[in-house]
Chemist: 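Provided herewith is a single structure, encoded as structure tokens, for subsequent inquiry.
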2 protein chains.
Amino acid sequence: MSRPTTIKDIARILKISVSTVSRALRDAYDVNEETRNRVLAAAAEINYKPNYNATALAKRSTHNIGVILPFITNYYFSTVITGIQEVAYSKGFNIILHVTNDSPERELSIVDNLSLSSFDGLLVSTCSQSDSCEHFARVIREDIPVVFFDRVPNQIRTSKVMQDDFNGAFEAVEHLVSNGYRRVAHIAGPRGLLFTEKRYEGYLAALTKHNLPVVEDYTIYSGFSQESGQADTIQLMDLPEPPDAIFAVNDRKAIGAMLTLKARGIRIGKEVGVIGFTDDPMASIISPSLSTIAEPAFEIGRKSCELLLGHIRKKSFIPEEKILPGKLIVRESTNKG
Amino acid sequence: MSRPTTIKDIARILKISVSTVSRALRDAYDVNEETRNRVLAAAAEINYKPNYNATALAKRSTHNIGVILPFITNYYFSTVITGIQEVAYSKGFNIILHVTNDSPERELSIVDNLSLSSFDGLLVSTCSQSDSCEHFARVIREDIPVVFFDRVPNQIRTSKVMQDDFNGAFEAVEHLVSNGYRRVAHIAGPRGLLFTEKRYEGYLAALTKHNLPVVEDYTIYSGFSQESGQADTIQLMDLPEPPDAIFAVNDRKAIGAMLTLKARGIRIGKEVGVIGFTDDPMASIISPSLSTIAEPAFEIGRKSCELLLGHIRKKSFIPEEKILPGKLIVRESTNKG
DNA sequence: CTGAAAGCGCTAACAT
DNA sequence: ATGTTAGCGCTTTCAG
């Protein structure tokens, strides 16, 4: 087990100073082309690998970005991470993963225990019940850039990357209406999250545009899970005048809805239309297959990371918002037959 | 933007030396109880957070563990990571994520560019086509602990954590047989991966135990994707004497199999039984629902990380192997009716 | 039990 | 264009 090689080794071998080596290893700036080549050659020769801790200590900049999100065990988030990882990797950044399990306490504890010296920036998607964003505000105040994606808080002024929730929802509902459904219900996410509000607004706007009545009982706010979808749908179908279509805030809830519809012997599509949001692979596996709004998850990851890297590089942190379009995917669950 | 506080600040405030502060902050060893309390109080007071880069540089030990795996966008891997993250988090370790996209070149490039100074240990699941493990052997030779999980190479002597692939496969096939299926095919993963071999062996063993003939054409090695499952099944059902049951190496392939069976109008369960491996949530969503062997993904993550942390702590690296049991989940796809 | 001092590997003025 | 030197924040001998 040989001690890793350092720039000192290179300096000694080449009989030059460490600062020259250091300079040669980074940009060409102010160093003789030939010296530089010799350094590079020697480095390769002895299999030199920079010690990032030393660099970080000296430059006050690690090459890490922290990612904080509720879960990674679903299609959307794992795809976002893959996108993040893709650009981080290409720029030589590591990503440090923190999963909150959607627990506000855990989120708080993670953020408070973050050593600000161990990452250059933060990418976050909040818990569904984050009542406060004070902890993130603190991080920002320390001048470390934070960009939010998907689940972004509305009380805080930072960079945000989202899908076009309003228009996605609008399109989904309009699709339902143009396929002949009239009593469209919405099983929403938890209140307080920007995107559940946006999707709700898109739903309302589509209803209004097509002169459909807005029935208060037709909107139910609850969790994001399949079980919530089932529960909400039971509630909906027990109404004196049940809806003939359901727009779910995401595919998991839509699938939950389909499950209870099936259990009650209601024919999906023919009797009750269902549309989701995400385009989880499950949507094409379930039968009947589920119409949905495909989210640009991978792109959200890429864009968030690019934005963050930009903030880190320029050391300026002027908030920017990016909204990426979704895409309507028509399948069987919205086919009246 | 105030510079983060350091142990120097604490030392200055308390008018003691930095070394005392340093000692007090770690273990009680050799420091007066009272001094220690004063240090802790002061640290909390000024909101001191250790600079891990400095620690890492001084101690030659970061608090990071690297995780290298093919994908994160599926149920199994994302659940494993959640398990890893769970124990890493509780021990104050960060996890640095690297995804290879199942590309051996990328895997190689990641490993070769790893700065050994930036993590204390490695958790890896290899690419399906990793022909060589030389790059991992190099890491191990540098005395940094590596533990493999799930996709473990068989040519290399290190710690490994796996599900019980042999017995899982055995149980799956035995379940098929005891439900009356006789011509059981196996759509396997790529050759060369330990677990695809183990599952194949389990399949063989069950056949042998029940005196069923081993038909060579009934085993097809290919990829892990749903598409591979579809293609393999086409090939199988085009045989002069097609199988009446399919044991798939994982649920994604099983789902692919079900899709082509459905497309051909073959009744799943009644005519051809299908069983998978993993217990992806999709297995209970698809209809008919898919019987499968549930893998202890979360536990695999936990155990791998615990093992690795053990190696890191004791600085000894005596390879250990852990095998975790799976569980048969009976659903509709293996019901002959 | 505590302090002084050296050093981890690298960067960044400041000289030359 | 290159070398000298002083840190970055923390740990760790070695003295006392």
Side-chain angles (χ1 to χ4, degrees), chain A residues 1-40 42-43 46-64 92 114-120 142 315, chain B residues 2-40 42-43 46-64 92 114-120 142:
Chain A
M1 176 223 184
S2 50
R3 184 183 55 72
T5 55
T6 73
I7 57 171
K8 274 190 192 168
D9 298 320
I10 301 181
R12 188 164 10 82
I13 293 173
L14 262 33
K15 297 187 197 311
I16 58 179
S17 77
V18 291
S19 43
T20 304
V21 177
S22 169
R23 279 186 288 248
L25 253 20
R26 287 167 290 141
D27 24 50
Y29 147 83
D30 249 14
V31 31
N32 186 315
E33 186 62 23
E34 201 206 311
T35 322
R36 184 148 175 274
N37 291 333
R38 291 175 55 223
V39 170
L40 261 26
I46 65 174
N47 191 26
Y48 166 78
K49 297 284 166 51
N51 182 320
Y52 293 124
N53 295 121
T55 314
L57 192 54
K59 295 218 303 196
R60 295 125 173 305
S61 115
T62 67
H63 254 183
N64 297 147
L114 241 30
S115 168
L116 298 181
S117 45
S118 55
F119 58 93
D120 298 344
E142 299 282 355
K315 299 208 172 293
Chain B
S2 49
R3 185 183 51 73
T5 54
T6 74
I7 58 172
K8 274 188 192 168
D9 298 321
I10 302 181
R12 190 163 10 83
I13 293 172
L14 262 33
K15 296 187 196 314
I16 59 180
S17 77
V18 292
S19 41
T20 303
V21 176
S22 170
R23 278 187 288 249
L25 253 19
R26 287 167 290 140
D27 23 51
Y29 149 83
D30 246 18
V31 29
N32 185 314
E33 186 62 23
E34 201 205 312
T35 323
R36 184 147 175 276
N37 290 333
R38 290 176 55 223
V39 170
L40 262 25
I46 65 173
N47 191 27
Y48 166 78
K49 297 282 166 52
N51 181 320
Y52 292 123
N53 295 119
T55 315
L57 190 55
K59 296 217 303 199
R60 294 126 173 302
S61 115
T62 66
H63 254 184
N64 296 147
L114 242 30
S115 169
L116 298 181
S117 46
S118 55
F119 58 92
D120 298 344
E142 300 280 357

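Note that the coordinates shown come from a computational prediction; the quantities given were computed from them, not determined experimentally. In what follows, every chain begins at residue 1, and chains take the letters A, B, ... in the order their sequences are listed.
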Chemist: Report the distance from atom CD of A/E33 to atom P of D/dT2, rounded to the nearest whole Å.
Modeler: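 One finds 11 Å between P of D/dT2 and CD of A/E33, rounded.
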Chemist: C/dG9 phosphate, OP1 or OP2: any side-chain N/O from A/T6 under 4.0 angstrom?
Modeler: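 Answer is no, no contact under 4.0 Å.
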Chemist: Of all the heavy-atom pairs spanning A/S17 and A/A11, show the shortest one and how long it is.
Modeler: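 Taking every non-hydrogen atom into account, C-CB, 4.0 Å.
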Chemist: In whole Å, I'd like the distance from the CZ atom of B/R23 to the P atom of C/dA5.
Modeler: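 For the pair B/R23 CZ and C/dA5 P, the rounded distance is 15 Å.
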Chemist: Rounded to the nearest angstrom, tell me the gap between atom CZ in B/R12 and atom C1' in D/dG9.
Modeler: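 Those two atoms, CZ and C1', are 13 Å apart.
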Chemist: Could you report the tightest heavy-atom contact between A/A54 and B/L57, atom names first, then the distance?
Modeler: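 The pair with the smallest heavy-atom distance is CB-CD1, 3.9 Å.
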Chemist: According to a strict under-4.0 Å criterion, is A/T35 in side-chain N/O contact with OP1 or OP2 of D/dT2?
Modeler: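 For A/T35, the contact criterion (side-chain N or O under 4.0 Å from OP1 or OP2 of D/dT2) is met.
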Chemist: Roughly, in whole Å, what's the span from NZ in A/K15 to P in D/dG3?
Modeler: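 Spelled out: NZ on A/K15 to P on D/dG3 is 12 Å.
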Chemist: Take atom CD1 of B/I7 and atom C1' of C/dG3, then tell me their distance rounded to the nearest Å.
Modeler: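 Atom-to-atom, B/I7 to C/dG3, this comes out as 13 Å.
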Chemist: OP1 or OP2 of C/dT11 versus the side-chain N and O atoms of A/S22: is any pair under 4.0 Å?
Modeler: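 The answer is yes; a side-chain N or O of A/S22 sits under 4.0 Å from OP1 or OP2.
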Chemist: Please round to the nearest 0.5 Å and tell me the distance separating atom CD of B/E142 and atom CG of A/N47.
Modeler: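 Going from the CD atom of B/E142 to the CG atom of A/N47 covers 7.5 Å.
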Chemist: Nearest-Å distance, CD1 (A/I10) to P (D/dT2)?
Modeler: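 Those two atoms, CD1 and P, are 15 Å apart.
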Chemist: Could you give the distance from CD1 (A/I16) to CZ (A/R38), rounded to the nearest 0.5 Å?
Modeler: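 It is 6.5 Å, given to the nearest 0.5 Å.
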Chemist: Using OP1 and OP2 only, check whether a side-chain N or O of B/R26 sits under 4.0 Å from D/dT11.
Modeler: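 Indeed, a polar side-chain atom of B/R26 lies that close.
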Chemist: Can you tell me if A/N37 uses its side chain to pair, donor with acceptor, with the backbone of A/E34 under 3.5 Å?
Modeler: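 Not at all, since once roles are kept as given, no pair shorter than 3.5 Å links the two residues.
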Chemist: With the threshold set at under 4.0 Å for non-hydrogen atoms, list the residues of residues 46-62 of chain A touching DNA chain D in residue-number order.
Modeler: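 Heavy-atom cutoff 4.0 Å gives A/L57, A/A58, A/R60.
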Chemist: Checking side chain to side chain contact (heavy atoms under 4.5 Å, CB included) against A/N53, which of B/N51, B/T62, B/N64 comes through?
Modeler: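 Single side chain to side chain contact (heavy atoms under 4.5 Å, CB included) partner of A/N53 among B/N51, B/T62, B/N64: B/T62.
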Chemist: Using whole Å, report how far CG of B/L25 lies from C1' of D/dT11.
Modeler: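 So the two atoms are 12 Å apart, to the nearest Å.
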Chemist: Could you state the interatomic distance from CZ (B/R12) to CG (B/D9), rounded to the nearest 0.5 Å?
Modeler: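 Atom-to-atom, B/R12:CZ and B/D9:CG are 4.5 Å apart.
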Chemist: Is there a donor and acceptor pair, one atom on the side chain of B/T20 and one on the base of C/dG3, closer than 3.5 Å?
Modeler: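 Answer is no: no donor-acceptor pair is held.
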Chemist: Take atom NZ of A/K8 and atom C1' of D/dT4, then tell me their distance rounded to the nearest Å.
Modeler: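 Taking NZ of A/K8 and C1' of D/dT4, I get 14 Å after rounding.
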